[in-house]
Amino acid sequence: METILLVVAALIIAILASAIRVLREYERGVIFQLGRFWSVKGPGLIIVIPVIQQMVRTDLRTVVMDVPSQDVISKDNVSVSVNAVLYFRVVDPQRAVINVEDYFAATSQLAQTTLRSVLGQHDLDEMLAERDRLNEDIQTILDEHTDAWGIKVANVEIKHVDIDESMIRAIAQQAEAERSRRAKIIHAEGEMQAAQKLQDAANVLSQNPQALQLRYLQTLSGIAGEQNSTIVFPLPMDLMGAFKDMINRANAGASGSDKG
């Protein structure tokens with residue numbers, strides 16, 4: 001009799017041990033009763049009736065998925081290799097277990113096809129310069145498709161865009177040509193502004209001839225201060241004209257006195 005009681009007690013303990021489940025804070029248990037969905041339980045201590053009920057554990061933490069490198073042909077027919085990283089988590093354990101067989105594999109395959117589809121609609125320059133917008137487009141598409149699986153895509157980041165060596169050289173030449181074009185434009189704009197300023201200065205000096213003489217003297221003073229040299233200082237033509245008039249008047253007076 002005692003042996004039977006011990007066997008029954010051991011059997012009861014074994015059944016209870018198999019029925020008790022402990023779920024962590026980030027885990028949920030999807031309970032099926034006789035094959036039909038029953039409820040979502042957790043976290044903490046829960047009891048699952050053996051044979052009648054079955055439990056599927058689901059992790060609610062954010063999953064970091066590395067999307068394998070994908071060969072993409074851009075809109076301008078450039079072959080590139082692109083890889084990305086995807087952040088997602090389960091927000092509805094019931095749909096994640098019932099609506100899709102393996103939500104991790106399904107999300108991975110969907111991310112790969114979406115990456116190729118979205119990037120194939122853009123030029124290479126857009127892939128390199130507008131990654132933020134492309135990340136948002138990919139995230140929006142993935143989030144719409146995975147919503148039925150109880151998955152929330154938190155973020156998508158394109159990591160690398162690998163291109164051929166020949167294309168790298170072509171891009172470098174394009175960048176160099178662009179810098180040369182900008183330098184020429186800046187130089188031409190500087191010449192135009194300098195010419196405009198010189199024209200304004202000439203207009204100001206033309207209104208007052210004495211200002212031109214002062215500017216001339218100032219230039220000579222600056223040259224003399226920079227280096228030791230001999231400067232030939234030409235006399236103004238109006239001053240020479242005054243001397244010529246004085247000489248002519250003197251000659252005219254002398255000739256009149258001789259006649260007298």
What distance separates Ser74 OG from Met127 CE, expressed to the nearest 0.5 Å?
4.5 Å
Any donor-acceptor pair under 3.5 Å linking the side chain of Asp143 with the backbone of Gln139?
no
Validation row: Ser108, Met65 side chains within 4.5 angstrom (heavy atoms)
yes
Looking at OG1 of Thr107 and CG of Leu86, how far apart are the two atoms once the value is rounded to the nearest 0.5 Å?
7.0 Å
Side chain of Arg95, backbone of Asp147: donor and acceptor closer than 3.5 Å?
yes
Taking side chain as C-beta onward, heavy atoms only, is Leu119 less than 4.5 Å from Ile158?
yes
With under 30° as parallel and over 60° as perpendicular, where do the rings of Phe88 and Tyr103 fit, or are they tilted in between?
perpendicular
Go through it in stages, so that I can follow the logic: the residues are Leu124 and Val80, the test is side chain to side chain contact (heavy atoms under 4.5 Å, CB included), and I'd like the CA-CA distance, side-chain angles, deciding distance and then a yes or no.
CA-CA 8 Å; Leu124 178 61; Val80 296; 3.7 Å; yes
Once you round to the nearest 0.5 Å, how far does CG of Asp137 lie from CG of Leu142?
11.0 Å
Whether Glu130 and Arg133 form a salt bridge (side-chain N of Lys/Arg under 4.0 Å from carboxylate O of Asp/Glu) is what I want to check.
yes
Single-linkage hydrophobic cluster Leu60~Trp149, side-chain heavy atoms < 4.5 angstrom
yes
Sidechain-backbone polar pair: Ser180 side chain, Glu176 backbone, donor-acceptor under 3.5 Å:
no
Are the side chain of Thr113 and the backbone of Leu110 linked by a donor-acceptor contact shorter than 3.5 Å?
yes
Val85 and Tyr87, any side-chain heavy atoms less than 4.5 Å apart:
yes
Do Thr140 side-chain atoms and Glu136 backbone N/O form a donor-acceptor pair below 3.5 Å?
yes
Please evaluate residues Asp162 and Val82 with respect to the criterion side chain to side chain contact (heavy atoms under 4.5 Å, CB included), reporting the C-alpha separation (whole Å), side-chain torsions for both, the decisive distance (0.1 Å), and the verdict.
CA-CA 6 Å; Asp162 298 328; Val82 184; over 6 Å; no
Show me the pairs that pass salt bridge (charged side-chain N to carboxylate O under 4.0 Å, His left out) and involve residues 70-81, at least two apart or across chains.
none
Shortest non-hydrogen contact between Val100 and Ala106, atoms and distance:
CG2-CB, 3.8 Å
When you look at CG of Leu128, are more than 12 heavy atoms from neighbouring residues, nucleotides or ligands closer to it than 6.0 Å?
yes
Is Asn83 reaching over with its side chain to a backbone N or O of His160, donor-acceptor style, under 3.5 angstrom?
yes
Arg181, CZ: over 12 other non-hydrogen atoms inside 6.0 angstrom
yes
Same cluster for Val97 and Ile31 if Ile/Leu/Val/Met/Phe/Trp/Tyr side chains link at under 4.5 Å?
no
Between CD1 of Ile47 and CD1 of Ile20, what distance do you get to the nearest 0.5 Å?
6.0 Å
Just wondering, are more than 12 heavy atoms of other shown residues or ligands nearer than 6.0 Å to NE2 in His145?
no
If hydrophobic clusters are built by linking Ile, Leu, Val, Met, Phe, Trp and Tyr wherever their side-chain heavy atoms come under 4.5 Å apart, do Val40 and Leu23 end up in the same one?
no
Could you name each residue pair satisfying side chain to side chain donor-acceptor pair (under 3.5 Å) that touches residues 58-70, not counting sequence neighbours?
Asp59-Arg61, Asp66-Lys159, Ser69-Ser81, Gln70-Gln112, Gln70-Arg116
Using the side chain to side chain contact (heavy atoms under 4.5 Å, CB included) rule, take Arg131 and Val161 through it: C-alpha gap first, then chi angles, then the decisive distance, then the call.
CA-CA 10 Å; Arg131 290 193 181 185; Val161 179; 3.6 Å; yes
Hey, is CD on Glu178 packed in by over 12 heavy atoms from elsewhere, all under 6.0 Å?
yes
hydrophobic_cluster_shared for Val90 and Ile98, side chain cutoff 4.5 Å:
no
More than 12 non-hydrogen atoms from neighbouring residues, nucleotides or ligands closer than 6.0 Å to CD1 on Ile73, yes or no?
no
Verdict with reasoning, Val63 to Arg89, per side chain to side chain contact (heavy atoms under 4.5 Å, CB included):
CA-CA 6 Å; Val63 179; Arg89 63 186 180 90; 5.9 Å; no
Check Ala111 against Val67 and note the closest heavy-atom contact, atom names and distance.
CB-CG2, 4.0 Å
Between Asn155 and Glu157, do the side chains contain a donor N or O and an acceptor N or O under 3.5 Å apart?
yes
Strictly by side chain to side chain donor-acceptor pair (under 3.5 Å), give each pair with a member in residues 39-57 just once, sequence neighbours left out.
Glu27-Arg57, Gln33-Gln53
Would a single hydrophobic cluster contain both Ile163 and Val118, if residues Ile, Leu, Val, Met, Phe, Trp and Tyr are joined by side-chain heavy-atom contacts under 4.5 Å?
yes
